[in-house]
Amino acid sequence: MDEAPAAPDAFEANRRYLGSVAYRLLGSLTDAEDVLQEAWLRWRAVDRQQVADPRAYLTTVVTRLCYDQLGSARARREAYFGEWLPEPAVAEEDSPAHRAELGESVSLAMLAVMEQLTPAERAAFVLHDVFAVGFEEIAASLDRSPDAARQLASRARRRVRDGGRHTAVDPAEHRQVVHAFAAATTSGDLEGLLAVLDPEVVWHSDGGGVVSAGARPVYGADKVARLILGLIARAFGPGSTASFTFARVNGEPGMVFHEAPGRVGGVLALSVRDGRITEAHIVVNPEKLTHVA
């Protein structure tokens with residue numbers, strides 16, 4: 001009789017989930033991969049017979065590794081040239097099973113706002129509000145009491161709400177606005193672009209000092225519209241092989257720009273409210289685009 005196939009290793013079975021936790025805690029796919037590697041080494045060394053709940057154990061390991069990194073990461077980001085934006089996560093898959101495994105989508109705008117949180121607040125907020133982890137488990141990960149973990153999440157939730165203008169939008173409406181934005185920009189239609197931009201829209205860009213990008217946010221529809229049309233005119237001028245594709249950026253409709261076939265030049269995420277774009281986050285730092293196909 002053939003032997004039954006071996007059960008999948010708990011780490012491999014939870015790898016995608018653990019990577020999603022690490023990415024949301026760190027805002028960097030590269031750093032998240034490093035954390036997963038270290039967590040895997042620790043998992044190999046542990047006595048599995050002593051682990052009652054592998055998923056909870058691994059969540060604690062990953063959380064603690066990320067928590068240790070967040071302090072030094074904040075110092076690096078304060079010395080970063082221009083605005084620091086999270087690495088964009090670009091994907092096409094959006095099935096219900098995929099969303100359940102990865103937790104609620106965390107937009108690029110939301111991740112940027114979460115940079116204002118302390119490491120403990122961020123961990124409590126991500127674990128509870130995004131992945132529905134209980135406060136007992138969060139408390140064990142952070143060496144706090146459950147009440148303290150609950151207070152951290154509550155404080156983080158309030159700071160995230162006060163610090164951002166991002167609200168849930170119907171995906172079809174969001175997609176329609178992104179397509180209208182693309183049509184106006186590629187045709188050089190200033191009036192069409194102004195019609196799709198919120199009067200108080202904010203444009204954020206991250207070149208990291210590696211490529212040209214604004215060092216500070218740009219505010220207001222007129223300034224943002226003229227900036228965008230200037231960028232598009234240079235990128236898509238005569239003889240250019242540049243192009244763009246629509247994609248899901250951190251779970252929401254967005255765009256990927258290609259400098260040439262096979263070479264990604266930037267990823268754009270657009271926050272939408274009441275049918276207009278309220279925030280734009282464009283990442284052009286090539287060091288943050290290595291995961292984008």
Salt bridge (charged side-chain N to carboxylate O under 4.0 Å, His left out) partners for Asp189, two or more places apart
none
With rounding to the nearest 0.5 Å, note down the distance linking [atom1] in [X] to [atom2] in [Y].
X: Leu268; Y: Thr185; atom1: CG; atom2: OG1; value: 9.0 Å
X: Phe11; Y: Leu18; atom1: CZ; atom2: CG; value: 6.0 Å
X: Ser20; Y: Arg15; atom1: OG; atom2: CZ; value: 12.0 Å
X: Thr245; Y: His258; atom1: OG1; atom2: NE2; value: 3.5 Å
X: Thr30; Y: Glu287; atom1: OG1; atom2: CD; value: 9.0 Å
X: Glu252; Y: Ser271; atom1: CD; atom2: OG; value: 6.5 Å

Considering all heavy atoms of both residues, which atom of [X] and which atom of [Y] are nearest to each other, and what is their separation?
X: Val267; Y: Val292; value: CG2-CG2, 4.0 Å
X: Ala280; Y: Leu270; value: CB-CD2, 3.6 Å
X: Arg159; Y: Leu117; value: CB-CD2, 3.8 Å
X: Ala247; Y: Val90; value: CB-CG1, 3.8 Å
X: Gly254; Y: Val249; value: CA-CG2, 3.9 Å
X: Gly275; Y: Val177; value: O-CG2, 3.6 Å

Any [X] side-chain heavy atom under 4.5 Å of [Y] side chain:
X: Asn250; Y: Tyr23; result: yes
X: Asp143; Y: Arg64; result: yes
X: Phe125; Y: Leu152; result: no
X: His204; Y: Asp206; result: no
X: Leu29; Y: Pro86; result: no
X: Arg122; Y: Glu115; result: yes
X: Met114; Y: Val126; result: yes
X: Trp203; Y: Ile282; result: yes

Modelled atom types, side-chain donor and acceptor of [X] and [Y], under 3.5 Å:
X: Tyr67; Y: Ser141; answer: no
X: Tyr57; Y: Asn14; answer: no
X: Tyr80; Y: Asn285; answer: yes

Does [X] use its side chain to pair, donor to acceptor, with the backbone of [Y] at less than 3.5 Å?
X: Ser205; Y: Ala213; result: no
X: Thr241; Y: Ala260; result: no
X: Arg175; Y: Asp170; result: no

Checking salt bridge (charged side-chain N to carboxylate O under 4.0 Å, His left out) for the pair Arg226/Asp222: CA distance, chi angles, key distance, verdict?
CA-CA 6 Å; Arg226 294 182 187 279; Asp222 187 68; 3.2 Å; yes
Taking CD in Glu33 as the centre, count heavy atoms belonging to other residues, nucleotides or ligands within less than 6.0 Å. Is the count above 12?
yes
Could you walk me through whether Asp9 and Arg48 satisfy the salt bridge (charged side-chain N to carboxylate O under 4.0 Å, His left out) test, starting with their C-alpha distance in whole Å, then the side-chain angles of each, then the deciding distance to 0.1 Å, before giving a yes or no?
CA-CA 11 Å; Asp9 176 78; Arg48 314 288 176 83; 3.2 Å; yes
Where does the angle between the aromatic ring planes of Phe244 and Phe236 fall among parallel (under 30°), tilted (30 to 60°) and perpendicular (over 60°)?
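Phe244 vs Phe236 ring planes: perpendicular.
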Would Asp53 and Glu137 count as a side chain to side chain contact (heavy atoms under 4.5 Å, CB included) here? Give the steps.
CA-CA 11 Å; Asp53 186 340; Glu137 189 176 332; 5.6 Å; no
Phe135: which residues meet the ring-ring contact (aromatic ring centres under 6.0 Å, His included) condition with it, sequence neighbours left out?
His128
Within 45° of the ring axis of Trp84 and under 6.0 Å from its six-membered ring centre, is that where the NZ or CZ of Lys288 lies?
yes
